[in-house]
Amino acid sequence: MDVLGRFTMDEKFLKPYNPADTEQRIYTAWEESGYFNPDNLPDAESREPFTIVMPPPNANGNLHAGHALFVALQDLMTRYKRMRGYRALWIPGADHAGFETQVVYEKQLEKEGRSRFGMDPKELYAEILAFTLANKSNMESQVKALGASCDWSREKFTLDPDVVERVQQTFIKMFADGLVYRGKRTVNWCPKHQTSLSDIETESVEENTPFYTMKYGPFEIGTVRPETKFGDKYVVMHPEDERYAKYAHGDTFELEWINGPITATVIKDSAVEMEFGTGVMTITPWHSQVDFEIAKRHGLDMEQIIDWRGKLLPIAGEFEGMKITEARGKILEKLANKGLLVSTDEKYQNVVKRCYKCSTMIEPQVKDQWFVKMAPLAKKAIEAVNAGNVRFIPDHEEKIFRHWMENTLDWNISRQIIWGIPIPAWFKDGDAIASLESPGEGWVQDADTFDTWFSSGQWPLVTTGYPDGKDFATHYPTDVMETGRDIIFFWVARMICFGLYLSGKAPFHTVYLHGLVNDANNKKMSKSKGNVINPLELTEKFGTDALRIGLIVGNTPGTDLALREDKIKGYKNFANKVWNITRFVLENTSGADQMAELTPSDQELRTELDALITDITSDMEAYRIYLAAEKIYHYAWHRLADELLEESKPIFTGNDSAAIASRKALLRSLLRDVLAVLHPFMPFVTEEIWQSLPETEGLLMIAPWPGQTAKAP
RNA sequence: GGGCGAUUAGCUCAGUUGGUUAGAGCGCUUCGUUUACACCGAAGAUGUCGGGGGUUCGAAUCCUCCAUCGCCCACCA
C-alpha cells in the first residue's frame with residue numbers, strides 16, 4: 001500500500017513475463033513448503049489419498065519430449081487433485097533400465113575404442129553404475145525444471161536394496177508357486193549384444209529374402225536359410241498330404257547333402273502347411289522355434305549349427321568359423337555345383353526378427369532360461385479388466401490389451417548381461433532352484449540378471465512399500481497409471497499381472513495412455529534421424545508453462561502429437577497475456593473491496609465463470625484434459641481479456657461508484673479463479689501472479705479448486 | 001495372416017459419445033500504434049467433415065461397403 005492507501009503494483013508487471021526470472025525461485029518455494037509430500041498438507045489425515053506412480057525415466061541420458069508430456073499430464077493430475085482436497089501423492093523414480101542402459105553404455109565404450117567383452121564384470125558394473133547415477137541426477141534436475149510436484153522424499157531407484165530384495169523375493173515366490181520355470185527352449189538371441197531377449201524386444205520386419213528350393217533325396221524342400229541346413233536330417237510333411245502318402249513316419253533314406261552323404265528320417269507333423277512350397281521341409285530345431293516344437297513333439301535330435309557369435313560350428317565342415325552372412329552365398333554355390341539347388345524365388349517376402357536396439361538379425365538359439373508362465377497371470381488380468389477394475393483411456397486400448405493378453409506366450413526373463421538385478425537361482429547337475437543363499441556345496445549361482453521389466457512390472461508395489469511399508473495401506477492400489485501407449489505390453493500388462501498376483505488387487509483403476517510425441521512433421525523422433533527435440537531447450541526458449549500447456553491442449557489420449565514450435569510459442573504469448581491481464585486488473589482495482597456487492601450484470605458474469613468451472617471440473621474428472629485446458633485458455637484470453645477488460649474501461653473512467661466497486665471486486669475474483677483453474681496446466685506463471693495478489697495468502701499450489709464442486713470428497 | 005486407429009479450413013488438430021449458421025491454434029487478407037499486453041486488438045476469407053449406400057424428423061457423429069494412410073501383433077519353412 002502506498003501513502004494514499006492504494007495498492008502499489010509490483011513493477012515486474014510493467015515488463016513482459018519472463019519465465020527465467022520465475023521458475024527456479026517458484027520451484028524452490030514449492031519444494032521448501034513441503035507440500036509435495038502429502039503428509040504435510042493441511043489436514044492431511046482427513047484427506048482421501050490420490051496416488052500416481054511416475055514411470056521411472058531411464059537414468060541413461062537426457063529427457064526427451066515424451067518425458068515432458070508425461071510430466072505435464074501427471075503433474076496436472078496431481079495438482080488438480082491436491083487443489084480438490086486430496087492427499088495427492090506422485091511418487092518419482094528412476095530406472096536402471098538394464099539392457100537399454102547397457103546398450104547406451106556399450107556405444108560409449110565403442111566410441112572410446114573399448115568393448116565390454118573381455119572387461120572384468122565387476123569393473124564394467126561399477127562403470128555403468130557411475131554412469132547411471134550421474135544420469136540419474138541429471139534426469140532428476142530436468143524433471144524438476146519441468147515443474148513436477150512429485151514427492152522427492154519418496155523417490156525410488158530400481159536398484160535400491162529394498163527394491164532388489166523385493167524383486168528377488170517375488171521370483172522365489174513365483175518359483176515356489178510354479179509360475180516361473182527353468183526351460184531349455186528357443187530364445188531370441190542377439191549375436192551382437194550376446195543376450196537373449198523377450199518376444200516384445202524384437203522387431204518383426206517383412207523383408208525380401210530369396211527362397212531356395214533344394215533337392216533333398218527324393219524330395220524338394222524350401223528354405224530361406226541355407227546356412228542352417230548342415231545338420232538337417234529330418235524331412236517333415238503333413239500326415240494327410242496324399243502326395244507323400246507312400247512315405248511313412250519314421251522311414252529312413254540315404255541322400256547326398258551339402259557336405260556328403262547322410263541318413264534322413266521322415267517325420268509327419270501337421271504343423272507343415274501342405275499348400276506352402278512343395279509341402280515338405282527339413283528342420284533345424286536349434287535355430288527355429290517351429291522346428292524346435294516339431295522336434296520336441298517327436299523326441300528328435302537337436303544340434304547347434306551356429307555359435308553365439310553368429311559363426312558356423314564344426315558341423316559346417318569347410319564352412320566352419322564363417323559368419324552366416326558370408327557363408328550363405330558360398331553354400332548356395334556349392335549346392336548349385338552339386339546339382340542340389342532346384343530353383344530360387346528372388347522376390348520372396350519373409351518376416352525377419354531383428355533386435356529392437358541394434359537391428360541385428362535375431363538368431364534363434366536353444367538355451368536354458370527362466371520363463372514366467374503367463375497364462376494364469378494373464379487370465380487374472382483379463383478378469384480384472386472384464387470386471388471393470390481397470391479402465392483404459394482411450395477405451396479402445398482395452399481391446400489391444402485384451403488381444404495381447406489372450407495370445408501372449410511365456411516370458412523369458414533371463415538376460416546375459418551384468419547390468420541388472422541378479423536372478424537368485426542356483427544350479428547343480430541339471431537341477432535349478434530359486435534361493436537367495438547357496439543351497440549347499442556344488443551349487444553354482446546363476447550369472448544372469450532379470451529382464452528390466454520384471455522389476456519395473458512390480459513398480460507400483462515396491463514404490464508403495466509392499467507388503468508392509470508405511471504407504472502400502474494408504475496409497476495402494478494407486479489411482480492412475482499415466483504412461484506411453486507404446487509400453488502397454490512391456491509395462492502396463494506386467495504391472496497388472498504382478499499387482500494381482502502379489503497383492504490380489506490391480507495396481508491402479510485407470511490407465512491413461514498418451515501417444516508418441518513426434519517431430520514437427522509427425523515423424524518419430526530418433527537419434528539417427530537427428531530430429532530429437534530436447535524439451536529443456538523449448539522451456540528455455542518459451543518457458544516451461546508454454547511447453548506444458550502446449551503439449552496438453554488438443555492432445556487427445558492415445559493420439560500421436562506433432563510437436564511444433566509455433567504452437568508452443570503461441571502459449572508463451574498466452575502466459576504473457578495472463579501476465580498482462582493481471583497488470584490491467586491490478587492497475588485498475590486498487591483499493592478494491594473484495595466484499596463489494598456485485599451489480600446484476602456483474603453477477604451474471606460471475607455466474608458465467610462458475611458455470612464454466614463446473615464444466616471444466618467435469619472434464620477433468622472424465623480425463624478430458626485436452627478440452628479443459630482449451631476452455632480455460634479460451635475464457636482467459638477471448639472472454640476475460642478481449643471482452644470483459646475492454647468493457648471495464650468505460651466503467652472505470654465513468655463516475656458510477658457502485659458500478660466501479662462492483663467491477664473491481666468482480667475482476668479480482670475472476671482473475672483469482674482463472675489463475676486457480678489454470679494452475680495445473682501452467683503452474684509457474686499462475687503461482688508467481690498469485691504471490692503478487694494482495695488478497696491471497698499461501699501457495700496457489702494448495703489453494704482450493706474454485707467453484708461449488710471444490711469441497712473435499 | 002490377425003488386430004487397432006485415422007481421413008474435418010493451407011498446416012497441426014478438437015468436435016464431451018445424433019440436435020440451431022462445423023470449431024481452435026498457426027498461417028493468410030484488410031485495418032488499427034487509443035496508457036493491460038505488438039509476446040497486441042478489430043474485422044474477414046477459406047470446409048459437398050475421404051467416397052458410395054443405409055438408419056433417422058435430423059448424421060462429421062450410428063450401421064454397411066469401398067479407397068487411402070498409419071501403427072501394433074504374428075512360430076508358412
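Computed from heavy atoms alone, side chains included, the values below leave out hydrogens, waters and symmetry copies. Below, read A as the first sequence line, B as the second, and so on, with proteins coming before strands; counting in each chain starts at 1.
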Classify the ring geometry of [X] against [Y]: parallel below 30°, tilted from 30° to 60°, perpendicular beyond 60°.
X      : Y      : value
A:Y633 : A:H638 : perpendicular
A:Y348 : A:F276 : perpendicular
A:Y623 : A:Y512 : tilted

A:L563 CG - B:C26 C1' separation (whole Å)
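A:L563 atom CG is separated from B:C26 atom C1' by 14 Å.
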Short N/O separations, protein against nucleotides 7-13 of chain B, under 3.5 angstrom:
{"residue": "B:C11", "atom": "O2'", "partner": "A:R564", "partner atom": "NH1", "Å": "2.9"}
{"residue": "B:U12", "atom": "O4'", "partner": "A:R564", "partner atom": "NH1", "Å": "3.2"}
{"residue": "B:C13", "atom": "OP1", "partner": "A:N522", "partner atom": "ND2", "Å": "2.5"}
{"residue": "B:C13", "atom": "O2'", "partner": "A:G554", "partner atom": "O", "Å": "3.2"}

Within the 4.0 Å heavy-atom criterion, would you say [X] contacts the bases, only the backbone, or no part of the nucleic acid?
X      : value
A:F542 : nothing
A:D619 : base
A:F292 : nothing
A:G279 : base
A:N350 : sugar-phosphate
A:V272 : base

Near RNA chain B, counting only heavy atoms under 4.0 Å, which residues of residues 488-497 of chain A show up?
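The stretch gives A:F489 as the residues lying under 4.0 Å from the strand, ordered by number.
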Does A:K229 or A:E203 map to a spot on RNA chain B nearer the 5' end, using the closest nucleotide for each?
A:E203
Any strand: nucleotide that pairs with B:U61 via Watson-Crick or wobble, under 3.5 Å:
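Here B:U61 is not engaged in any pair, so there is no nucleotide opposite it.
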Taking any strand in view, what nucleotide pairs with B:U35 in a Watson-Crick or G-U wobble way, both distances under 3.5 Å?
none
More than 12 non-hydrogen atoms from neighbouring residues, nucleotides or ligands closer than 6.0 Å to CD on A:E206, yes or no?
yes
A quick test of your reading: do over 12 heavy atoms of other residues, nucleotides or ligands sit less than 6.0 Å from NZ of A:K367?
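Counting neighbours around NZ of A:K367, more than 12 heavy atoms of other residues, nucleotides or ligands fall under 6.0 Å, so yes.
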Take nucleotides 33-47 of chain B nucleotide by nucleotide from the 5' end and write B, S or -, depending on whether a protein heavy atom sits under 4.0 Å from the base, only from the sugar-phosphate, or from neither.
---BB-BSSS-----
Give me the atom names and distance for the closest heavy-atom approach of A:R185 to A:D410.
NH1-CB, 3.6 Å
Look at A:Y571 and B:C26 and indicate whether a side-chain polar atom (N or O) is within less than 4.0 Å of OP1 or OP2.
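Checking A:Y571 against B:C26: no side-chain N or O falls below 4.0 Å of OP1 or OP2.
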B:G5 versus B:A22 - spacing of their P atoms, nearest Å
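Looking at atom P only, B:G5 and B:A22 are 28 Å apart.
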Among the candidates B:A77, B:C4, B:U16, find the nucleotide nearest to the side-chain atoms of A:K631.
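Nucleotide nearest to A:K631's side chain: B:U16.
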Among B:C4, B:C75, B:A14, which nucleotide sits nearest the side chain of A:L409?
B:C75
